[in-house]
Structure formats: C-alpha cells, structure tokens
Amino acid sequence: QVQLVEFGGGLVQAGGSLRLSCAASGRTFSSKAMGWFRQAPGKEREFVAAISRSGRSTYYTDSVKGRFTISRDNAKNTVYLQMNSLKPEDTAVYYCAASIDGSTSYYHTDYNYWGQGTQVTDSS
C-alpha cells in the first residue's frame, strides 16, 4: 500500500509560481513512475506531467510545457511540480499519482495510488 500526500497548493496571481510536493510512504518509491493530474470544476481529470522511476524522463501536456517542471527526489520519497507563469486556466485540484508497474502514462487509469489533492486557485 502506498499513501500519497500533496502539499503546496494555494492562491496565486496570474504570472506567479507555486511548487507542489507529494510525499509517498513506503520503501519502494523509486520503483514507481509518478504523475500529476488536475481536475477543474465541471471538467474531467486531465494529465499534467509524469516522470520515470529514475527521473531521467519527463512528460508534459502541451498546455504546461515550458511553464511546469516535474522532478523527484527518491531519497526523500517525494515528487515535485514547479509551476511558473501560472494562468487562470491552471486553477484546479492537483493530484499526484503512483504507477506500481513503473511505466509512465498519460492515462489516469494506469495509476494505482492517488493523493487527496491540493487546490490551486488563481486569485487575480
């Protein structure tokens, strides 16, 4: 069983930055691919970014490329999402997710464990 807890959401003005963190329990964090998803009110959950087990490969949805950066620290069992140049359309609940088969994926159904989510809101 893996427990994921997200931190770092909040109110931010357009153009601002936030860093989300996701802390994972357990001793097998480095064997899991990790992803970030988001869900805005009235919309489906969408893929934001994913990172391979080693951290050497990263993937992003087009709308965040060049603005968001996913990274991980396997020694700290933590994955991060650095969000810069935030836009009003980035407002959503952000979830981190873990894939136990170690494969990165754009599809939320390929992830086995989820955090409770953290709210990011444009305060403009």
Rounded to the nearest 0.5 Å, what separation is found between the [atom1] atom of [X] and the [atom2] atom of [Y]?
{"X": "Q1", "Y": "N112", "atom1": "CD", "atom2": "CG", "answer": "10.5 Å"}
{"X": "S17", "Y": "L86", "atom1": "OG", "atom2": "CG", "answer": "6.5 Å"}
{"X": "D110", "Y": "D101", "atom1": "CG", "atom2": "CG", "answer": "7.0 Å"}
{"X": "R53", "Y": "S57", "atom1": "CZ", "atom2": "OG", "answer": "10.5 Å"}

Do [X] and [Y] come close enough that some side-chain heavy atom pair is under 4.5 Å?
{"X": "Y95", "Y": "R45", "answer": "yes"}
{"X": "R19", "Y": "L81", "answer": "no"}
{"X": "K32", "Y": "S99", "answer": "no"}
{"X": "V64", "Y": "R38", "answer": "yes"}
{"X": "N84", "Y": "Q82", "answer": "yes"}
{"X": "V12", "Y": "T121", "answer": "no"}

Applying the ring pair (Phe, Tyr, Trp, His ring centres under 6.0 Å) criterion to W114, which one of F37, Y94, W36 satisfies it? F37
Answer yes or no on whether R72 is positioned over the face of Y80, meaning its NZ or CZ is under 6.0 Å from the six-membered ring centre and within 45° of the axis. no
For D122 and K87: C-alpha separation, side-chain torsions, deciding distance, then whether side-chain contact (heavy atoms from CB on, under 4.5 Å) applies. CA-CA 7 Å; D122 170 44; K87 302 177 179 180; over 6 Å; no
[X] to [Y] - nearest heavy-atom pair and separation:
{"X": "T58", "Y": "I51", "answer": "CG2-CG1, 3.8 Å"}
{"X": "T91", "Y": "A40", "answer": "O-CB, 3.7 Å"}
{"X": "P88", "Y": "A14", "answer": "CD-CB, 4.2 Å"}
{"X": "M34", "Y": "A98", "answer": "SD-CB, 3.6 Å"}
{"X": "E6", "Y": "G117", "answer": "OE1-N, 2.9 Å"}
{"X": "F47", "Y": "Y60", "answer": "CE2-C, 3.8 Å"}

If we check side-chain contact (heavy atoms from CB on, under 4.5 Å) with M83, which of these qualifies: D90, V48, T69, V120? V120
Just to verify, which of D73, N74, I70, L20 counts as forming a side-chain contact (heavy atoms from CB on, under 4.5 Å) with V79? I70
Just by distance, do the side chain of [X] and the backbone of [Y] share a donor-acceptor pair under 3.5 Å?
{"X": "Y111", "Y": "S105", "result": "yes"}
{"X": "Q39", "Y": "A92", "result": "no"}
{"X": "S85", "Y": "R67", "result": "no"}
{"X": "T78", "Y": "K76", "result": "yes"}

Check whether more than 12 heavy atoms from other residues, nucleotides or ligands sit under 6.0 Å from atom CD of E89, and answer yes or no. yes
Taking CD in Q3 as the centre, count heavy atoms belonging to other residues, nucleotides or ligands within less than 6.0 Å. Is the count above 12? no
With a 4.5 Å cut-off on side-chain heavy-atom distances among I, L, V, M, F, W and Y, is there a chain of contacts connecting L11 to F7? no
